[in-house]
J.: 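Sharing a structure, written as structure tokens. Questions coming.
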Number of protein chains: 2
Amino acid sequence: MTVPLHQRIRDEIEGLIRSGAWPPGHRAPSESELMAQYGCSRMTVNKAMSALAQAGLIVRRRRAGSFVARPKVHSTVLDIPDIQAEITARGETYAFVLLAAERRPADPDDGDEVDLAGEGDLVVLRGLHVAGGRPFALEDRLISLAAVPEAAAADFAAEPPGAWLLHHVPWTEAESRISAVGAEAAVAELLALDVGAALLAVERRTWRAGEPVTRVRQLFPGEAYDLVARFGPAR
Amino acid sequence: MTVPLHQRIRDEIEGLIRSGAWPPGHRAPSESELMAQYGCSRMTVNKAMSALAQAGLIVRRRRAGSFVARPKVHSTVLDIPDIQAEITARGETYAFVLLAAERRPADPDDGDEVDLAGEGDLVVLRGLHVAGGRPFALEDRLISLAAVPEAAAADFAAEPPGAWLLHHVPWTEAESRISAVGAEAAVAELLALDVGAALLAVERRTWRAGEPVTRVRQLFPGEAYDLVARFGPAR
DNA sequence: CTCGCGAATATGTCTATACATATTGAACCG
DNA sequence: CGGTTCAATATGTATAGACATATTCGCGAG
């Protein structure tokens with residue numbers, strides 16, 4: 001259990017901050033003070049403090065010192081999970097049912113589709129994520145064949161498109177939109193809900209080096225699924 | 001434009017990864033190779049690579065080398081809005097209508113309330129955020145008087161509780177949960193929607209030094225409001 | 001009394017070196 | 001042929017020193 005010194009310094013200071021012993025705005029000891037306190041070189045202290053700064057726990061200003069950051073409510077880190085990983089982590093069996101798959105050109109009246117498709121066709125998929133035999137989420141996905149020509153030959157019944165894309169196409173940019181919608185008749189039936197039931201809608205677009213790759217819209221039964229964002233000692 | 005060298009190395013390698021030039025699993029040059037390539041010392045290269053490893057872009061293994069990581073979860077920064085700022089930024093008038101305010105002990109049957117209240121009472125508030133004369137969000141909030149005794153005397157009709165708390169109580173930990181719910185009758189009436197309409201529910205709890213401070217649940221008309229999260233070079 | 005400038009301070013960057021440690025691959029031996 | 005040992009390799013940790021740079025504070029000049 002030989003914890004490196006720079007890590008120990010990091011952990012101890014992180015503990016002081018998270019416990020509230022050092023409130024936001026508190027000034028931490030200077031590097032030379034810490035250096036004396038821990039009996040180590042400045043580089044070691046610096047490594048610990050730089051890591052805390054990178055993690056957003058402290059703010060460092062030359063000549064002034066290192067200060068405990070005041071957390072911003074407005075931006076927290078949200079983990080949008082890989083559905084398969086999420087389900088198997090709960091110990092439930094996971095399955096993906098491919099409901100429809102086709103290849104077609106972009107609808108010229110849908111600017112968004114045209115933008116995604118570029119010069120090529122689209123692969124259009126609809127599938128159902130199933131957890132322990134019960135419908136968990138409905139997924140509608142568009143994939144640009146201009147960006148991912150291999151998608152034309154992929155077997156999305158064998159490997160869900162999310163996982164397939166993760167293995168074949170590293171993303172560079174992504175945007176997620178979260179909203180709530182009522183279930184339409186067709187959707188309600190697939191998810192075994194009443195028409196109009198509240199659904200959590202997560203829509204994500206990803207790009208690779210500026211080129212659109214895919215757009216996916218996932219619908220979760222609202223009360224059965226939460227997205228969680230944390231700032232704090234949950235770790 | 002004097003970018004530090006370790007940062008430049010970091011940025012260049014990050015670019016190679018994000019562009020897809022180095023796919024997941026690709027082995028990066030060793031530190032001594034990079035050291036020769038950039039004409040700098042090993043510590044500088046090490047700082048760059050350690051940072052990439054901490055950011056989860058690469059995985060490093062002794063003797064084996066550094067490898068491009070395969071992305072697992074999609075972790076993004078989510079902007080959870082300050083409602084007032086959001087509305088005024090759109091150029092609409094903002095108002096907060098305090099619908100109910102009371103002080104009472106925690107409901108002993110509600111473990112969550114008991115936990116929040118601690119040894120003291122709770123302030124229980126319900127209010128409506130109004131944008132341009134139309135209901136925008138319904139807010140139900142509990143404040144622990146054990147953590148924030150000044151809340152007993154605050155005038156939440158004059159200053160919305162979110163803003164008041166931000167000014168009076170720095171928090172150290174927060175957790176946000178996002179889900180979708182159907183509107184109950186009372187809620188539907190206040191938000192001028194049909195019963196059962198899909199609502200986006202944002203529930204946030206905050207703590208200060210491990211002590212619960214407040215819990216708030218905000219309900220937004222689902223289709224009228226999106227939360228947006230981005231990941232990418234927009235920095 | 002105010003403004004500007006220099007000195008003090010704390011962080012930021014970088015080097016050269018040293019030793020530790022995990023892992024791999026190959027040589028060696030039973 | 002199989003297993004063990006050992007050396008090579010790549011990262012991990014740490015040191016001591018040097019210089020750069022931003023910021024603040026206080027002092028002195030006007």
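Labels below follow one simple rule: chain letters A, B, ... track the order of the sequence lines, proteins then strands, and each chain is numbered from 1.
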J.: With heavy atoms under 4.0 Å as the rule, sort S66(A) into base, sugar-phosphate or nothing.
T.: sugar-phosphate

J.: With nearest nucleotide decided by heavy atoms, which residue, H6(B) or A64(A), maps closer to the 5′ end of DNA chain C?
T.: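 The residue closer to the strand's 5' end, by nearest nucleotide, is A64(A).
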
J.: Base, sugar-phosphate or nothing for R61(B)? Non-hydrogen atoms, less than 4.0 Å.
T.: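 Since only primed, P, OP1 and OP2 atoms lie under 4.0 Å of R61(B), the category is sugar-phosphate.
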
J.: Just distance, no hydrogens or angles: give the donor-acceptor pairs under 3.5 Å from side chains in residues 45-59 of chain B, sequence neighbours left out.
T.:
| residue | atom | partner | partner atom | Å |
| --- | --- | --- | --- | --- |
| N46(B) | OD1 | S50(B) | OG | 3.1 |
| N46(B) | ND2 | E31(B) | OE2 | 2.9 |
| S50(B) | OG | N46(B) | O | 2.7 |

J.: Apply side chain to side chain contact (heavy atoms under 4.5 Å, CB included) to S41(A) and list each qualifying residue two or more places apart in sequence or on a separate chain.
T.: M43(A), T44(A)

J.: When you measure from the side-chain N and O atoms of T44(B) to the phosphate of dT15(C), is any distance below 4.0 Å, counting only OP1 and OP2?
T.: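 Yes, within the criterion.
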
J.: Does a donor on one side chain sit under 3.5 Å from an acceptor on the other, for R42(A) and S32(A)?
T.: no

J.: Counting just side-chain N and O atoms, does R60(B) come under 4.0 Å of either OP1 or OP2 of dT11(D)?
T.: yes

J.: Let's see if you can work this out: which of dT13(C), dT11(C), dT13(D) has an atom nearest to the side-chain heavy atoms of S30(A)?
T.: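 My answer, after comparing the listed nucleotides, is dT11(C).
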
J.: Which nucleotide in the list dT24(C), dA14(D), dT11(C) gets nearest to the side chain of M43(B)?
T.: dA14(D)

J.: Any idea which of dA10(C), dG12(D), dC14(C) is nearest the R27(A) side chain?
T.: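 Among dA10(C), dG12(D), dC14(C), the one nearest the side chain of R27(A) is dA10(C).
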
J.: Examine the side chains of E33(A) and Y38(A) and answer whether a donor and an acceptor come within less than 3.5 Å of each other.
T.: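 No.
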
J.: Just how far, in rounded Å, is P of dC14(C) from CE of M35(B)?
T.: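 Rounded to the whole Å, the gap is 15 Å.
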
J.: Of the listed nucleotides (dT13(D), dG12(C), dA8(C)), which one gets closest to any side-chain atom of R63(A)?
T.: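 Out of dT13(D), dG12(C), dA8(C), the nucleotide with an atom closest to R63(A)'s side chain is dA8(C).
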
